[in-house]
Structure formats: structure tokens, C-alpha cells
Peer 1: 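For reference, the structure I am asking about is given below.
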Amino acid sequence: MSEAMETVYERPHALLPVVTNYCPGCAHGIVNRLVAEVLDELDVEGRAIGVAPVGCSVMAYDFFGCDMIEAAHGRAPAVATAVKRVHPDGVVFAYQGDGDLASIGMAETVHAATRGENITVIFINNAIYGMTGGQMAPTSLPNQVTQTSPFGRNVDTDGYPIRVCELLSTLDGVAYLERVTVDSPKNVRKAKKAIKRAFQNQIDGLGYSLVEVASTCPTNWGMSPADAFAWMGENMLPYYPLGVYKDVVADGFASAAEAAAARSAACPIAHPENAEGECA
């Protein structure tokens, strides 16, 4: 291979040269690397500010070279909102798991999204609480066995799993939502493209962006890494289909705000500038 064609595989600058402590088969390590690669390629490490709450995601502050803030359980979107408003030129991202984002932090998630906060959220969905013991999460599947659902999740008493991308797609402040996974080289590349798009949207001021990563938790699932990825493919991906769930640019709008204005065009109180006797 000629020197011009040689590809060098090396640690991204935005990923610190330390050993991670994620379990074997956990997708957090892959996603950490993808986020770091994106920070490098966009040349924003010096402007980036990450927010990591409670859960396995909290360890991210040991691994990224950018500024990191630890938030209380579920409060990463609120903290990220404050940071972005104080530092509007910063590239602010929240890195959250499903127990954190979709349970104790659901209110913060929904309200940051509907306000159109110009932040980026990386959401790891492994259908279980990881660090805190393997209990049932809002995203645990019907009949899934966990520490707090030893006979499987009973939808009659526990309700149905929350599909986060589908839920947030109804909100006006959202610019971009995509669900990806990292179970193959092809899907890793797609995941990186989505993460890069979510960060670029923030840089361009488009509004709230979230990338959901369907992931594994071999330790709490009680499986080997290979079996965990197979189980995810057989069970999680049919329930949580991959794909883009909202993209205002693809819909022909310049931002989430412009798309929201178009959806409310027939509402007089939302557009007083177009009312009779006002400026047209």
C-alpha cells in the first residue's frame, strides 16, 4: 500500500489516553469513540462542553478531553440548557442512558426538546438500568426479565416501553432525531454520521437534536457480549426500529423554529404580525 493510501487508526485527540472501565460487550466505548472522532473532525474540542449524569454514562467525564460537567440523575438536559445559554458559542452535549433520560429525567428531556434548546443529546438505550443494579427501565421490553421484573415486564401492570424518538418527534422544538446502533462496521459508520449531523445542527443553530443508540448490557442481561448483540438484534431492533424520525432540513425548513412557524401558520395568536391591521 502506498503512503498516500495508508489509513492510520489512532485514538481521537478528544478521547483521553486512559483505559475505559466499561464492561466487555458494552456499546458505551464505541459511542465514546464516535463522539470524540466527531469533535475532532468538527474541530470543536476546545468549545465542547459535555454533561454526564448518573449511570454508566457518568464515567464519560474521565474519557473525553473537553470540559465535562456531572449532573444530578436525569438533570443533564437542564444543565446543558443553562450551559448553552451562558455560553451560546459552546458546543454542548448531554450523554445519557435510558434509565436516566426516559425515567427520572423525562420531564427535563421533553421540556428541553419542546423549547428547542440548541443542544445535542447522545442517548444510550440498552433497555435496562445499568450501573444501579439492572432493574427494569422505561425502555425494558415486554416480558423482559430484570432485577425488578424477575418474571418479565408485565405490560398490564408496568405499562409499555417508551419509544423516545417517536415521542419527541411530535414536539415543535426538535430539529433532528435518529435511532442507530453499533453492532456492525456498517452500522457504526451510520451512527457516526448521525452523531456528526446532530453536532453540526447545533453549530448551525437548527434546534434540539438527539441520537438514540440501541445498545447492549451483557452484564445485567446475563449474556456473553456476542449473545447480547444477537439478542438486541432479535428483540430490541424490531421494537425500536432504526432510522430518522425527524429532520426539519430534509422537510425543507432552515430550522426547527421555521418548521414550527409553518405548522402554526393558521393560528392568529401565534402570528400576530399577519393579523389585519398589523404589519404583513
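Since we're looking at a predicted model, the values are computed, not measured. When reading the values below, keep in mind they use all heavy atoms of this one structure, side chains included, and skip hydrogens, waters and symmetry mates.
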Peer 1: Does any part of the side chain of T20, heavy atoms only, come nearer than 4.5 Å to the side chain of M59, both counted from C-beta?
Peer 2: no
Peer 1: A side-chain contact here means heavy atoms from C-beta on lying under 4.5 Å apart; do R153 and L141 qualify?
Peer 2: no
Peer 1: Salt bridge or not for E117 and R85, using N-O below 4.0 Å?
Peer 2: yes
Peer 1: Under a 3.5 Å cutoff, is there a donor and acceptor pairing between the side chains of S209 and N201?
Peer 2: yes
Peer 1: Among D67, L42, V91, L39, find the one that has a side chain to side chain contact (heavy atoms under 4.5 Å, CB included) with R47.
Peer 2: V91
Peer 1: Mind checking whether V121 and T109 have side chains closer than 4.5 Å, heavy atoms only?
Peer 2: no
Peer 1: Report the C-alpha separation of Y129 and S103 in whole Å, then their side-chain angles, then the decisive distance to 0.1 Å, and conclude whether the side chain to side chain donor-acceptor pair (under 3.5 Å) test is met.
Peer 2: CA-CA 10 Å; Y129 277 85; S103 181; 3.0 Å; yes
Peer 1: Among D98, V211, V213, find the residue that satisfies the side chain to side chain contact (heavy atoms under 4.5 Å, CB included) test when tested with F123.
Peer 2: D98
Peer 1: For H73, is the NE2 atom crowded, meaning more than 12 foreign heavy atoms sit under 6.0 Å from it?
Peer 2: yes
Peer 1: How about T139 and R163: does a side-chain donor come under 3.5 Å of a side-chain acceptor?
Peer 2: no
Peer 1: Taking all non-hydrogen atoms of both residues into account, name the closest pair between E108 and A78 and its distance.
Peer 2: CG-CB, 4.0 Å
Peer 1: Are the side chain of N32 and the backbone N or O of H28 linked by a donor-acceptor pair below 3.5 Å?
Peer 2: yes
Peer 1: Are the charged groups of R75 and E70 less than 4.0 angstrom apart, N to O?
Peer 2: no
Peer 1: So, Q202 and N118: side-chain donor and acceptor under 3.5 Å apart, yes or no?
Peer 2: no
Peer 1: Is the shortest side-chain heavy-atom distance between D40 and E45 below 4.5 Å?
Peer 2: yes
Peer 1: With ring-ring contact (aromatic ring centres under 6.0 Å, His included) as the criterion, how do Y22 and F63 come out once you've worked through the C-alpha distance, each side chain's angles and the decisive distance to 0.1 Å?
Peer 2: CA-CA 11 Å; Y22 298 124; F63 308 140; 5.4 Å; yes
Peer 1: Got a salt bridge between D251 and K246, using NZ or NE/NH1/NH2 to carboxylate O under 4.0 Å?
Peer 2: no
Peer 1: Taking ring pair (Phe, Tyr, Trp, His ring centres under 6.0 Å) as the definition, give me every residue that meets it alongside Y176, ordered by chain and number, with sequence neighbours left out.
Peer 2: none
Peer 1: Mind checking whether P161 and S140 have side chains closer than 4.5 Å, heavy atoms only?
Peer 2: no
Peer 1: In plain terms, say whether K196 and E41 are close enough for a salt bridge, that is, a side-chain N and a carboxylate O under 4.0 Å apart.
Peer 2: yes
Peer 1: Centre-to-centre under 6.0 Å for Y61 and Y95, is that the case here?
Peer 2: no
Peer 1: Would you please say whether a donor-acceptor pair under 3.5 Å links the side chains of N154 and D158?
Peer 2: no
